[in-house]
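Okay, structure first, notes after.
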Amino acid sequence: MNRINRLAAMVSLASLFPFVVHAAESKGTVEVVHYWTSGGEAKSVDVLKKIIQRDGFTWQDSAVAGGGGGAAMTVLKTRAVSGNPPSAAQIKAPDIQEWGRLDLLTSVDDVAKANHWDNLLPRTIADSMKYEGHYVAVPVNIHRINWLWLNPVVLKKAGVSKAPATLEELYAAGDKLKAAGFIAIAHGGQAWQDTTVFENLLLSVMGADGFKKAFIDVDEATLTGPKMTEVFAALHKLQGYLDPDGNGQDWNLETAKVINGKAGMQIMGDWAKSEWTAAGKQADVDYLCVPFPGSQGVYSYTIDSLAMFKLATKNDNPGNIAARDDLAKVALEPEFQYVFNQNKGSIPVIKGLDMSRFDSCAQASAKDFANAEKTGSLAPSMAFNMSTSQAVQGAVFDVVTHFMNDKDADPAKAGKQLLAAIRAAQ
Ligand code: BGC
């Protein structure tokens, strides 16, 4: 970050937090279950906490570590089942319907009406936040998934002259990086990270149409056809470039390897940028972002949202309800949308904000989102639970991980396994 940007960041943060509120003066408490625990993510969620505190409420932080949110969802389910839900929790749109059916969510229609959410949000996003026509959740951002992050200094040292734009160029860059002694692609061997790579390869080989046929229509011919064989074969090939020490590693520790110059690239959603930002690094200077090779034009995404839970009897008082309503209100205000998304690596979910206040990666993301919307190339991510239930997502995780753990696995058979696993989980 140059000096002017640093100053601008300080000024905008200072304007957010003019008062320090004494705990004793709290008007009520809002407890939030979330999984924003990496350095950059924690900085992002701190923005929300500070605004809530400034508004006179207490923020009770219930962070559950674990990228992709699997561990947080387990905690949330246990708490809900035992009658002790938090005020709000970070969940994805298809799950909102499931929690709604269990009668655990509460409507925030009053907040939505008073703050004109129907006008602020794109229609499809607004609809996905509603259960039976009532707002029960608030979205905070749009994350793009199909990105490749690169360290230009490492690339240069390895003799890679430009960011790869095709799978062939990606393999060629990987060969050069390995030959020069670098980790080609930083990658943590966890099921959700493996599936992120698989999904990106699928977008590259099959495009948005193939993606939709596979994961929204569950089309047999697509899931078992020759293009799917190509995707699995590419997955085996790409494995040769992934960090050999990445087994079980958290995504942010892998990002650190790219930041520190040990690795050249990482395939990850743009929360990876939050780590670069937290480390004081600048887009286009210290790091590059390009769409995952071959998937240009497609925009796969996930949206973080905070679902509002009915409070347990012991917590159900006007102060805590006011605190929860404040959270809902703040989440869609421009002040929060700017600072949170600048830290988080995502783009704002509300319409009409000034993108010149964001870096070049976020600007490209906003532009690509708008283009993909026009061309019908938006892909709600399967790996991040936007197009499938958690059960189907889990079934895909199993097939992908199993395939990656068996280097003799036959790519031509993997599609059939995928189809069977998805059908069994539906
Ligand atoms: C969430 C992001 C989060 C990432 C890593 C995704 O599911 O949408 O907000 O940063 O997981 O945990």
Side-chain angles (χ1 to χ4, degrees), residues 32-49 61-76 88-96 125 128-129 137-147 149 186-200 248-256 266-278 289 299-307 331 336-337 339-349 361-362 365 369 379-390 392-394 396-397:
V32 184
V33 166
H34 63 87
Y35 50 96
W36 291 319
T37 54
S38 77
E41 290 174 324
K43 270 198 165 170
S44 315
V45 77
D46 212 45
V47 174
L48 190 51
K49 175 182 164 182
D61 197 65
S62 291
V64 183
M73 291 311 104
T74 307
V75 168
L76 186 61
Q90 178 195 352
I91 56 182
K92 300 288 169 72
D95 292 340
I96 292 172
I125 298 181
S128 70
M129 296 297 128
V138 60
V140 291
N141 61 7
I142 301 174
H143 269 304
R144 186 180 195 175
I145 313 292
N146 57 325
W147 282 118
W149 303 91
H187 177 84
Q190 297 175 341
W192 71 273
Q193 295 186 59
D194 292 346
T195 307
T196 303
V197 172
F198 167 75
E199 182 172 80
N200 281 328
Q249 284 285 3
D250 288 335
W251 65 271
N252 51 313
L253 301 182
E254 292 296 320
T255 307
Q266 186 180 24
I267 301 162
M268 188 49 69
D270 43 23
W271 48 88
K273 202 178 73 183
S274 73
E275 295 305 296
W276 290 91
T277 306
C289 59
Y299 190 104
S300 74
Y301 67 96
T302 189
I303 291 174
D304 286 315
S305 50
L306 297 170
F336 168 74
Q337 285 283 316
V339 187
F340 175 77
N341 286 303
Q342 282 159 352
N343 281 290
K344 187 73 174 64
S346 38
I347 57 171
V349 69
C361 295
S365 179
F369 183 90
S381 169
M382 168 276 297
F384 293 91
N385 196 207
M386 288 298 290
S387 55
T388 52
S389 66
Q390 272 189 54
V392 170
Q393 181 201 40
V396 180
F397 281 9

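Both ligands and their constituent atoms are indexed starting at 1 by order of listing.
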- request: Decide yes or no for His143 and Lys344: does some side-chain heavy atom of the first lie under 4.5 Å from some side-chain heavy atom of the second?
  value: yes

- request: Please tell me if the side chains of Trp147 and Met268 come closer than 4.5 Å, counting only heavy atoms from C-beta onward.
  value: no

query: Hey, are Lys43 and Ser274 close enough side-chain-wise for a donor-acceptor pair under 3.5 Å?
result: no

message: Do Thr302 and Trp271 make a side-chain contact, defined as non-hydrogen atoms from C-beta onward lying under 4.5 Å apart?
response: yes

query: With side chains defined as the heavy atoms from C-beta onward, is the minimum distance between Ile145 and Phe384 less than 4.5 Å?
result: yes

Residues in contact with ligand 1, criterion: heavy atom under 4.0 Å: Tyr35, Trp36, Glu41, Gly67, Gly68, Gln90, Lys92, His143, Trp251, Trp271, Thr302, Asp304, Lys344, Phe384

task: Could you tell me whether the side chains of Asn146 and Asn200 share a donor-acceptor contact shorter than 3.5 Å?
output: no

